Amino acid sequence: MLDIKFIAENTEWVKQSLGKKDFPAEKVDELLATYYELNKLKTSSQSLAEEKNKLSNAIKSASNEERPAIIAQSKAIGEEFKIEQEKLAEIQAKFDDMMLRMPNYPSEESPIGPDDSANVVRRKVGELPHFDFEPKDHIELMEINDWSEMERIAKVSGSRTYAIKNDLAQLEIAIHMMVMDILRQHGFTLITVPALSKEKPLYNQGYLPFARDEIYYMPTDDIYLSGTAELILNSLRADEMLTEADLPVLYAGFSPCFRREAGAAGKDTRGLVRVHQFFKTEQFVICKNDMAESEKWHQTLLQISEEVLQALELPYQVLEVCTGDMGAPKYRQYDLEAWVPSQNCYRETHSCSNITDWQARRTNLRYRGNDGKVKFCHTLNNTGIATPRALVPFIENHQQKDGTVRIPEKLQPYLGGKKFIGKNAK
RNA sequence: GGAUAGAUGGCCGAGUGGUCGAAGGCGCACGAUUGGAAAUCGUGUGUACCCCCAAAGGGUACCGUGAGUUCGAAUCUCACUCUAUCCGCCA
């Protein structure tokens, strides 16, 4: 959510800034018109309330003769007040809805463009693998190593699900454990959170009202399935008044994640790249309302996820996401993409975002600064690791001629010291 | 699933129809005292919004959420959410 006063005072700048995300300027005008209408109504209904309150107070000290007349007068104003209130509530609801649909301002650093074609590669790290044999894709590798039950599980759980077993299942857990250790070394608090969410947190996060189609909903219990621990962690401290000394709050959240993938029909239908349910260890930061501070955390989060990909010895690229491709909540976003040999391209493994105070305004997440002033926090999030997707570049890049998969040194302690996994591994 | 108790400011906690934005305490800020600190004493200290060019000032709302009763609700009624404890069931 944005600050309406800021919009009123910097209208042209706001139009231009939100225009980079293809947000129409007319909607800014519409919002402001509604705002002024709302204020007018507030003023008139508040003076009615004032009058009403004065009369009510007068009743206490009124004589028995005066009292009935004052009560009658107060009643009459009460009726009028009620009508004003109804009008006010209507305009307020309209205004609130418009506010919920205003995207965050993008950073001046973000490339401007309509969609992912305008994203900019900031750097590439690691060497692409050179195979002296015909490399297999991850599905083949799973088959020859008896690592999955992809066909059987589809019968049980439907499309875009997965069941992996043996070394690969162990690898999935091991990678999360390694990432959790890395995050703990960076001062993060490890926290496992539910995949269940009420509706309000979805608005707080900024997923609603934008992408209802993407979310699983269970009407019997009026409960949603979380697409990421970010959803839960963002609302965990909702409505709290922190102190500056409490900040930053660093969470490493682990949870199952659920996505309907409604907009991805036909894409990545096979294998582990895009599934309805997966596990994610998420990085989440609550920090001071200070651009330098949150930019610093944004870089730190990015660096941590690079550390993760480097520990996994995966070649990757850092993508700076353009204004049109980043979601409504985001101020600035980097995606990390790891090399997938079978697709001859980089595929997203991490998404690192600075939300500034946009999310905290919705969540009503504030702190009292050392100067005594109350401010909204800044929030940031980034993937720690998400599986099984991360397993795709992992087993493809590290595959050997005999179908086994090499385990990088940093990961070996989490796999009982194994240097290779697979049927032919010794 | 059944029963009971509860939800008040940054925190604890009093308050059962008007004098309550709310006692008292803690915390915090400033000042006095001190060589400095602690202790002590004094003063101040909620949030959001509206009017006002701004300041000064005035006003409205907020005691879990939503509705209702009333001239008037933290206080009474109803529904809901959450928390605690007990019983039942259970990974």
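Chain identifiers are assigned alphabetically (A, B, ...) following the order of the sequence lines, protein sequences preceding nucleic acid strands; residue numbering begins at 1 within each chain. Here the structure is a predicted model, which means the values were calculated and not measured.
- As rounded to the nearest Å, B:A73 and B:C80 have P atoms that lie 24 Å from one another.
- Between B:U75 and B:G17, the two P atoms lie 11 Å apart (nearest whole Å).
- Close placement of the A:Tyr35 and A:Phe95 rings is indicated, their centers lying within 6.0 Å of each other.
- Distances were taken from every side-chain heavy atom of A:Asn53 (C-beta onward) to each of B:C50, B:A61, B:C71; the shortest belongs to B:A61.
- Taking side-chain N and O atoms only, A:Lys5 has a distance below 4.0 Å to OP1 or OP2 of B:C50.
- Under 4.0 Å is where a charged nitrogen must lie from a carboxylate oxygen, and between A:Arg259 and A:Glu261 no such pair does.
- A distance of about 25 Å separates the C1' atoms of B:A5 and B:C90, rounded to the whole Å.
- Atoms CD (A:Glu66) and P (B:C71) sit 18 Å apart, rounded to a whole Å.
- Using a 4.0 Å cut-off between charged nitrogen and carboxylate oxygen, A:Glu37 and A:Lys40 do not count as a salt-bridge pair.
- Rounded to whole Å, the distance from NZ on A:Lys200 to P on B:C82 is 15 Å.
- Residue contacts shown for A:Arg67 are absent, as no nucleic acid heavy atom lies under 4.0 Å away.
- With respect to A:Lys423 and A:Asp167, no salt bridge is recorded, no charged nitrogen being found less than 4.0 Å from a carboxylate O.
- Where RNA chain B pairs in unbroken runs of 3 or more (Watson-Crick or G-U, both distances under 3.5 Å), the stems are B:1-7 with B:81-87, B:10-12 with B:24-26, B:27-32 with B:40-45, B:46-51 with B:57-62, B:64-68 with B:76-80.
- Here the options are A:Val392, A:Ile139, A:Ile395, the test is side chain to side chain contact (heavy atoms under 4.5 Å, CB included), and the partner is A:Leu272; only A:Val392 passes.
- Salt bridge annotation for A:Arg184-A:Asp181: present, with a cationic side-chain nitrogen under 4.0 angstrom from a carboxylate oxygen.
- Phosphate contact (OP1/OP2 of B:C50, side-chain N/O of A:Asn39, threshold under 4.0 Å): present.
- Cation-pi geometry between A:Arg361 and A:Trp358 is not satisfied (NZ or CZ under 6.0 Å from the ring centre, within 45° of the ring normal).
- Taking atom C1' in both B:C63 and B:C53, one finds a spacing of 37 Å when rounded to whole Å.
- A:Ser56 comes within 4.0 angstrom of a nucleotide base, judged by non-hydrogen atoms across all strands.
- Using a 4.0 Å cut-off between a side-chain N of Lys or Arg and a carboxylate O of Asp or Glu, A:Lys87 and A:Glu90 do not qualify as a salt bridge.
- Both A:Ile59 and A:Lys82 lie near RNA chain B, and the one whose nearest nucleotide falls closer to the 5' end is A:Lys82.
- Atom CD of A:Gln85 and atom P of B:A61 are 9 Å apart (whole Å).
- Look at the C1' atom in both B:G21 and B:C49: the space between them is 15 Å, to the nearest Å.
- Ring pair A:His176/A:Tyr414: centre-to-centre distance not below 6.0 Å.
- If A:Tyr35 and A:Gly78 are placed on RNA chain B by their nearest nucleotide, the residue sitting closer to the 5' end is A:Tyr35.
- If you check residues 42-50 of chain A against RNA chain B, the residues with a heavy atom closer than 4.0 Å are A:Lys42, A:Thr43, A:Gln46, A:Ala49, A:Glu50, listed by number.
- Distance noted for atom C1' between B:G46 and B:C52: 24 Å (whole Å).
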(message) For A:Phe188 and A:Tyr251: C-alpha separation, side-chain torsions, deciding distance, then whether ring-ring contact (aromatic ring centres under 6.0 Å, His included) applies.
(response) CA-CA 5 Å; A:Phe188 285 70; A:Tyr251 287 127; 9.0 Å; no
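- Across all strands shown, A:Lys40 has no heavy atoms under 4.0 Å from either base or sugar-phosphate atoms.
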